[in-house]
**Student:** 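Pasting a structure below so you can have a look.
Since the structure is predicted, the reported quantities are computational estimates derived from the model, not experimental observations. Basis for what follows: all heavy atoms, side chains included, without hydrogens, waters or symmetry-related copies. Numbers here simply count residues along the sequence, with the first being 1.
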Amino acid sequence: MILSAKNLVTRVGKDLGLSEDDIEYLLKIDKEHVFEIDLGNGRTHKAYRVQHNNLRGPYKGGIRLHPAVDLDEVRALSILMTLKTAAIGLPLGGGKGGVAIDPRDLSEEDLERLSRAYVEHMHPHIGPDTDIPAPDVNTNAKIIDWMVEEYENITGDNSKASFTGKSIENGGSLGREAATGRGGMLALAEYLRLVGKDPKELTIAVQGVGNVGFFFTKYAQEELGSRVVAISDSQRTLLVKDFQNNKTFLSVEGFDKSKRGLIDDLADEHVEFLDRDAILNQPVDVLVLAALGDVVVKDNAFDIKASIILELANGPVDDFAFKALKDDKVIIPDIIANSGGVIVSYLEWLQNRAGEKWSAQEVDENLKIYMSKAVRSMYDYAKQKDIPLKEAALALAITRLLESRKS
Ligand code: GLU
């Protein structure tokens with residue numbers, strides 16, 4: 001993933017006529033924290049926080065728990081966060097954290113110890129104006145609440161503004177849990193509006209049934225009237241049989257969000273289970289990538305039949321696949337499509353700082369304003385320059401960053 005991120009920034013930077021110095025500046029990482037968390041009995045786990053750039057505001061980005069986490073991945077994700085906050089126009093920078101672990105292997109007590117140990121190490125580098133972590137893959141409000149409590153115990157700061165994605169009772173924002181999936185739905189809706197397509201006509205396949213895939217599916221069906229006809233978890237794909245000739249769709253009842261999996265007894269005469277990667281090559285209109293990075297690569301890029309790809313994970317289409325697909329498909333890029341999470345994180349942070357609590361409606365309205373505006377700017381710029389949406393989003397983000405550097 002790090003190569004894809006670097007290649008993309010370098011290519012778009014060159015197209016913008018940037019100097020070597022500017023490109024180097026964009027890729028330069030401010031600070032890397034690499035440490036180990038010891039859970040006893042020889043169970044030590046590598047932990048990371050990479051603070052990429054704080055030119056436009058405090059470092060901002062999630063902490064993920066996944067066995068595949070390594071320094072290169074966290075670096076790439078931190079660069080994507082800086083580009084994301086700049087692309088949306090938020091006064092925030094970019095950072096990312098992670099621990100190389102599968103949380104499903106941990107007891108509740110060990111998960112709590114791990115969360116607290118992360119903060120014990122990182123607390124001097126975290127703060128409302130320094131670095132504001134949030135949830136990411138396999139982290140949620142419960143984990144963030146443990147982290148907040150540990151942070152308060154150590155530092156005495158009880159402003160709650162040092163983390164976002166907290167539970168509602170603990171200073172979190174209404175709408176934050178659903179924000180990334182909801183934002184993805186809003187990004188797709190705005191794109192469809194701009195190109196004059198009716199969402200009700202669309203069939204959709206969703207890779208990933210975690211938080212993001214769950215809420216995307218829910219809102220795409222409830223609010224856009226689109227039909228989700230295939231979903232997949234880390235083991236298999238669930239597909240509506242003969243979906244082009246009937247109106248059946250998969251409801252979110254088929255997700256077990258807590259286990260991030262599909263429920264077994266879903267199989268009936270209308271649906272079938274296929275292998276995990278079958279999700280990628282279904283003849284649907286939209287393929288939503290809501291699982292992990294680097295899932296569309298050289299070997300499978302040409303299998304994709306959907307004409308629109310919505311990147312809700314970070315970096316799901318690698319740079320090789322992007323170059324192979326960019327002329328035939330519309331790729332709504334991660335730094336815009338999945339920015340709903342960080343947009344509502346920003347709204348949470350504003351509420352914490354002002355001592356306010358906004359209604360769900362107020363949060364959703366603001367999310368829609370930020371998202372629609374970002375999609376429109378990206379779309380207009382792409383049209384004007386005749387470039388793919390991904391390169392347009394990046395060009396806008398880079399331009400904004402360099403403007404801040406000069407001022
Ligand atoms: N983890 C989310 C992302 O990748 C949200 C980050 C945040 O809210 O700071 O954008």
Side-chain angles (χ1 to χ4, degrees), residues 1-2 29-52 54 58-81 93-128 130-158 160-167 170 172 210-211 234 258-260 291-293 313-315 341 345:
M1 195 189 288
I2 187 75
I29 282 167
D30 285 349
K31 202 157 188 192
E32 295 182 347
H33 306 268
V34 180
F35 52 104
E36 279 193 353
I37 295 180
D38 188 350
L39 291 176
N41 296 334
R43 295 174 303 157
T44 52
H45 299 278
K46 273 256 170 335
Y48 309 89
R49 183 80 182 164
V50 174
Q51 297 171 319
H52 170 242
N54 64 353
Y59 303 109
K60 185 83 194 85
I63 300 172
R64 64 171 57 186
L65 307 180
H66 194 276
V69 164
D70 63 21
L71 184 56
D72 267 355
E73 184 185 73
V74 184
R75 282 176 175 151
L77 292 167
S78 74
I79 296 172
L80 287 178
M81 280 309 303
K96 198 80 174 196
V99 184
I101 194 164
D102 187 341
R104 284 173 297 198
D105 296 341
L106 291 183
S107 65
E108 176 98 352
E109 293 73 44
D110 279 345
L111 189 57
E112 179 173 347
R113 283 172 55 216
L114 182 96
S115 310
R116 291 182 185 276
Y118 190 93
V119 173
E120 206 182 309
H121 186 94
M122 278 305 302
H123 73 88
H125 314 282
I126 290 174
T130 320
D131 185 354
I132 311 155
D136 196 76
V137 174
N138 290 333
T139 39
N140 54 21
K142 184 159 74 177
I143 292 176
I144 296 294
D145 282 355
W146 286 325
M147 292 185 167
V148 169
E149 194 178 69
E150 190 66 25
Y151 184 77
E152 286 181 4
N153 289 346
I154 298 172
T155 65
D157 170 12
N158 58 7
K160 309 278 185 200
S162 298
F163 291 80
T164 59
K166 301 176 288 290
S167 67
N170 194 31
N211 176 273
S234 59
S258 59
K259 295 206 187 87
R260 295 167 192 280
L292 289 168
N314 288 307
S345 272

**Student:** Strictly distance-based, threshold 3.5 Å: is any side-chain N or O of K166 a donor or acceptor partner for the main-chain N or O of K160?
**Tutor:** yes

**Student:** Just so I know, are the side chains of E32 and R75 near enough to count as touching, which here means a heavy-atom distance under 4.5 Å?
**Tutor:** yes

**Student:** What do the steps show when you test E109 against R113 for salt bridge (charged side-chain N to carboxylate O under 4.0 Å, His left out), and what is the final call?
**Tutor:** CA-CA 6 Å; E109 293 73 44; R113 283 172 55 216; over 6 Å; no

**Student:** Could you tell me which non-hydrogen atom of Y118 sits nearest to which non-hydrogen atom of Y48, and how far apart they are?
**Tutor:** OH-O, 2.6 Å

**Student:** The test is side-chain contact (heavy atoms from CB on, under 4.5 Å); show your working for F163 and I126 and say whether it passes.
**Tutor:** CA-CA 9 Å; F163 291 80; I126 290 174; 4.0 Å; yes

**Student:** Does the side chain of K46 reach to within under 4.5 Å of the side chain of V34, using non-hydrogen atoms?
**Tutor:** yes

**Student:** Identify the two heavy atoms, one from S162 and one from Y151, that lie closest to each other, and give their separation to 0.1 Å.
**Tutor:** OG-CE2, 3.2 Å

**Student:** Among N138, V137, D110, find the one that has a side-chain contact (heavy atoms from CB on, under 4.5 Å) with P103.
**Tutor:** N138

**Student:** For the OG1 atom of T130 and the NZ atom of K60, what is their distance to the nearest 0.5 Å?
**Tutor:** 12.5 Å

**Student:** Where is the tightest heavy-atom contact between P128 and P58, given as atom of each residue plus distance?
**Tutor:** O-CG, 3.8 Å

**Student:** When you look at E73 and K96, which way does the salt bridge (charged side-chain N to carboxylate O under 4.0 Å, His left out) test go after all the steps?
**Tutor:** CA-CA 9 Å; E73 184 185 73; K96 198 80 174 196; over 6 Å; no

**Student:** What's the shortest heavy-atom distance between S167 and D145, and which atoms?
**Tutor:** OG-OD2, 2.6 Å

**Student:** For the side-chain hydrogen bond (donor to acceptor under 3.5 Å, both in side chains) test, which of H125, Q51, K31 pairs with D131?
**Tutor:** Q51

**Student:** Can you tell me how far CD of E120 sits from CE of M147, rounded to the nearest 0.5 angstrom?
**Tutor:** 12.0 Å

**Student:** Does I63 offer a backbone N or O that forms a donor-acceptor pair with the side chain of T139 under 3.5 Å?
**Tutor:** yes

**Student:** Would you find a donor on one side and an acceptor on the other, under 3.5 Å apart, between the side chain of N140 and the backbone of I143?
**Tutor:** yes

**Student:** Please report the closest heavy-atom contact between I132 and G127, naming both atoms and the distance.
**Tutor:** CG1-O, 3.6 Å

**Student:** Can you measure from CD1 (I2) to OG (S78) and round to the nearest 0.5 angstrom?
**Tutor:** 7.0 Å

**Student:** Assess the residue pair R64 and L292 against the criterion (side-chain contact (heavy atoms from CB on, under 4.5 Å)); give the C-alpha distance rounded to whole Å, side-chain angles, the decisive distance to 0.1 Å, and a yes or no.
**Tutor:** CA-CA 11 Å; R64 64 171 57 186; L292 289 168; 4.0 Å; yes

**Student:** Please check this pair: side chain of N314 against backbone of L77, looking for a donor-acceptor N/O pair closer than 3.5 Å.
**Tutor:** no

**Student:** Is there a side chain to side chain donor-acceptor pair (under 3.5 Å) between K142 and S115? Walk through the geometry before answering.
**Tutor:** CA-CA 10 Å; K142 184 159 74 177; S115 310; over 6 Å; no

